[in-house]
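One structure, pasted below without further comment.
Hydrogens, waters and symmetry mates play no part in the numbers below; they use all other heavy atoms, side chains included.
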There are 2 protein chains.
Amino acid sequence: MINSIMQEKNLKITSARKELLEVLNSLKRPVSFEDIKHKITMDKATFYRNISKFESESLVNSFESNGKKRYYEIRQFPHAHFVCNVCNTIECLGEIPPPTLVGYTILDALYKGICRNCTQGVCIKDLQGEIMYNSP
Amino acid sequence: MINSIMQEKNLKITSARKELLEVLNSLKRPVSFEDIKHKITMDKATFYRNISKFESESLVNSFESNGKKRYYEIRQFPHAHFVCNVCNTIECLGEIPPPTLVGYTILDALYKGICRNCTQGVCIKDLQGEIMYNSP
DNA sequence: TAGTTAATGCAACTAAGTCGCATTTAAAAA
DNA sequence: TTTTTAAATGCGACTTAGTTGCATTAACTA
């Protein structure tokens with residue numbers, strides 16, 4: 001089915017592309033080049049050229065998180081992401097719609113903060129002045 | 001008053017730090033190192049060391065946008081940002097609260113999409129499958 | 001004012017991402 | 001099936017954001 005996806009987009013089916021889509025598809029979470037470079041055999045130039053082609057064909061999404069790295073994932077239904085400042089985990093948020101912004105088209109939402117696990121270990125008063133929203 | 005801010009945080013008051021805080025304070029919008037490197041006289045190592053110290057002292061906020069650059073701004077009241085994928089403009093969103101995420105502490109929100117100006121020039125059908133939320 | 005410690009400038013380095021070019025390969029034509 | 005050709009690949013060189021070590025300088029303290 002990976003082949004037919006590429007055919008639909010009129011992309012030449014190469015072994016590098018199949019490999020890359022299979023890896024992204026099996027992981028189903030946002031990954032950086034570093035995360036998967038040992039899982040793929042292609043050159044990094046090929047990785048970036050293909051990722052960028054996949055993005056322009058709407059097969060892949062990307063965003064940047066806390067580090068200086070970009071994260072890529074297979075595009076499924078549109079969803080937001082949450083990056084934890086403590087453990088640096090990136091979570092895909094399923095059901096969270098972004099707020100209303102009249103006149104704007106929101107394509108992506110990225111939230112940062114402290115995830116459920118880490119929140120329990122963090123003293124709230126250390127966050128004085130930083131809190132946008134603290135959930136109950 | 002810039003001096004007293006640094007005193008409160010027990011930061012040594014140096015000319016580089018005064019210069020950097022003054023520039024950030026006068027611009028009052030998120031800027032990258034590139035944006036302001038011609039406005040400051042310090043070495044880039046000093047810039048990054050001070051920005052990072054300011055961040056850990058809660059004087060400055062940072063986030064990454066579409067490019068591979070990081071953006072820094074004086075921390076005022078907490079607010080979200082909107083990055084336009086078309087014109088790459090970064091807007092500070094004043095009154096937009098992030099959604100509820102039970103158990104999580106949200107410290108930052110970054111939305112991407114198409115800003116008010118650019119939305120008028122974009123054909124909605126080009127966005128098939130990408131739309132998270134299209135405002136009325 | 002002298003002494004201590006932290007901040008600075010400089011240069012070298014790392015890592016993400018890009019680009020040009022020669023070679024290979026997928027797929028269409030013959 | 002073989003030939004053709006345009007696109008994809010690997011390689012190496014490059015760019016740029018950000019970091020680090022080290023010698024020097026400047027801010028605070030006694």
Side-chain angles (χ1 to χ4, degrees), chain A residues 2-24 30-57 59-73 83 85 88 90, chain B residues 2-24 30-57 59-73 83 85 88 90:
Chain A
I2 278 180
N3 286 20
S4 61
I5 288 169
M6 286 192 280
Q7 270 167 353
E8 273 171 44
K9 301 288 185 179
N10 283 316
L11 291 173
K12 203 181 267 191
I13 298 169
T14 68
S15 49
R17 286 181 181 164
K18 278 193 280 188
E19 185 187 44
L20 182 51
L21 279 183
E22 266 157 25
V23 168
L24 292 174
V31 290
S32 65
F33 172 64
E34 238 224 315
D35 290 338
I36 60 164
K37 66 178 175 196
H38 56 286
K39 291 194 169 72
I40 57 181
T41 56
M42 75 201 69
D43 187 73
K44 70 172 176 165
T46 303
F47 167 84
Y48 285 114
R49 280 187 284 231
N50 278 331
I51 274 287
S52 146
K53 186 135 248 177
F54 290 162
E55 260 198 286
S56 62
E57 295 295 338
L59 293 178
V60 160
N61 259 352
S62 81
F63 61 93
E64 4 223 321
S65 75
N66 281 329
K68 49 184 164 175
K69 271 174 268 187
R70 199 159 188 89
Y71 285 79
Y72 308 92
E73 67 178 341
V83 182
N85 291 344
N88 285 308
I90 299 172
Chain B
I2 277 181
N3 286 18
S4 61
I5 288 169
M6 284 191 281
Q7 270 167 351
E8 273 172 44
K9 300 287 184 180
N10 284 316
L11 290 174
K12 205 179 264 191
I13 298 169
T14 68
S15 49
R17 285 180 182 166
K18 278 192 281 189
E19 185 187 44
L20 182 51
L21 279 182
E22 267 157 24
V23 168
L24 292 174
V31 290
S32 65
F33 172 64
E34 238 222 315
D35 289 339
I36 59 163
K37 67 179 175 195
H38 57 284
K39 291 195 167 76
I40 57 181
T41 57
M42 76 201 70
D43 186 73
K44 70 173 176 165
T46 304
F47 168 84
Y48 284 114
R49 279 189 284 233
N50 279 331
I51 274 286
S52 144
K53 186 136 247 175
F54 290 163
E55 260 199 285
S56 61
E57 295 295 337
L59 294 177
V60 159
N61 259 352
S62 81
F63 61 93
E64 1 222 322
S65 75
N66 280 330
K68 49 184 164 176
K69 271 176 270 188
R70 199 161 188 87
Y71 284 79
Y72 309 92
E73 68 179 340
V83 182
N85 290 344
N88 284 308
I90 299 173

For this session: Give the rounded distance in Å between these two atoms: CG of A:D43 and C1' of C:dT25.
Result: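 Going from A:D43 (CG) to C:dT25 (C1'), I get 16 Å.
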
Exercise. Which listed nucleotide (C:dG17, D:dG18, C:dC19) is nearest to the side chain of A:R70?
Worked result: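 For A:R70, the side-chain atoms sit closest to C:dG17.
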
Problem set entry | Rounded distance (Å) that lies between atom C1' of D:dA7 and atom CE of A:M6 |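 Roughly 14 Å, once rounded to whole Å.
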
Problem set entry | Sugar-phosphate, base or nothing in reach of A:Y71, heavy atoms under 4.0 Å |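 If one applies the 4.0 Å heavy-atom cut-off, A:Y71 turns out to touch nothing in the nucleic acid.
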
Exercise. When you check the phosphate oxygens OP1 and OP2 of C:dA7, does a side-chain N or O of B:T46 lie under 4.0 Å from one of them?
Worked result: no

For this session: Report yes if a side-chain nitrogen or oxygen of B:N10 is closer than 4.0 Å to either non-bridging phosphate oxygen (OP1 or OP2) of D:dC28; otherwise report no.
Result: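 No, because none of the side-chain N or O atoms of B:N10 sits under 4.0 Å from OP1 or OP2 of D:dC28.
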
Exercise. Any side-chain N or O of B:Y48 less than 4.0 Å from the OP1 or OP2 oxygen of D:dT19?
Worked result: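 Answer is no, no contact under 4.0 Å.
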
Seminar exercise, completed: When A:A45 and B:T14 are each assigned the nearest nucleotide of DNA chain C, the 5'-most assignment goes to B:T14

Exercise. C:dA6 P sits how many Å from B:N50 CG, rounded?
Worked result: 15 Å

Exercise. Which pair of heavy atoms, one from B:S62 and one from B:E55, lies closest together, and at what distance?
Worked result: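 Heavy atoms of B:S62 and B:E55 come nearest at OG-OE2, 3.0 Å.
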
Problem set entry | Nucleotide of D:dA8, D:dC11, C:dA16 approaching A:K53 most closely (side-chain heavy atoms) |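 Given the options D:dA8, D:dC11, C:dA16, the side chain of A:K53 is closest to D:dA8.
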
Exercise. What is the minimum heavy-atom distance between A:Y71 and A:S65, and which atoms define it?
Worked result: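 Shortest heavy-atom separation between A:Y71 and A:S65 comes out as CE1-OG, 3.3 Å.
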
Exercise. Expressed in angstrom and rounded to an integer, what is the separation of B:M42 atom CE from D:dA26 atom P?
Worked result: 15 Å

For this session: Using a 4.0 Å heavy-atom cut-off across all strands, classify A:A16 as base, sugar-phosphate, or nothing.
Result: sugar-phosphate

Problem set entry | Whole-Å distance separating the CD atom of B:Q7 from the P atom of D:dC28 |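 Result: 8 Å.
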
For this session: Send over the distance from B:D35 CG to D:dA17 P, rounded to a whole Å.
Result: 10 Å

Exercise. In terms of the nearest nucleotide of DNA chain D, which residue is placed more toward the 5' end: B:K37 or B:I13?
Worked result: B:K37

Exercise. With respect to the side chain of A:K12, which nucleotide from D:dA7, C:dT8, D:dG18 is positioned closest?
Worked result: D:dA7

For this session: Starting from P on D:dA8, measure out to CD1 on A:I51 and report it in whole angstrom.
Result: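 The distance from CD1 of A:I51 to P of D:dA8 comes to 15 Å, rounded to the nearest Å.
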
Exercise. How many Å lie between NZ on A:K69 and P on D:dG18, as a whole number?
Worked result: 14 Å

Exercise. Base, sugar-phosphate alone, or nothing: which one does B:R49 contact when heavy atoms must sit under 4.0 Å apart?
Worked result: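 If one applies the 4.0 Å heavy-atom cut-off, B:R49 turns out to touch a base.
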
Exercise. Are A:F33 and A:I51 side-chain neighbours, meaning at least one heavy-atom pair lies under 4.5 Å?
Worked result: no

Exercise. Among B:R70, B:K69, B:K44, B:K39, which residue meets the salt bridge (Lys or Arg N to Asp or Glu O under 4.0 Å) test with B:E34?
Worked result: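 Result: among B:R70, B:K69, B:K44, B:K39, B:K69 is the only option passing the salt bridge (Lys or Arg N to Asp or Glu O under 4.0 Å) with B:E34.
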
Problem set entry | Flag, side chain of B:R17 to backbone of B:N50, donor-acceptor distance under 3.5 Å | no

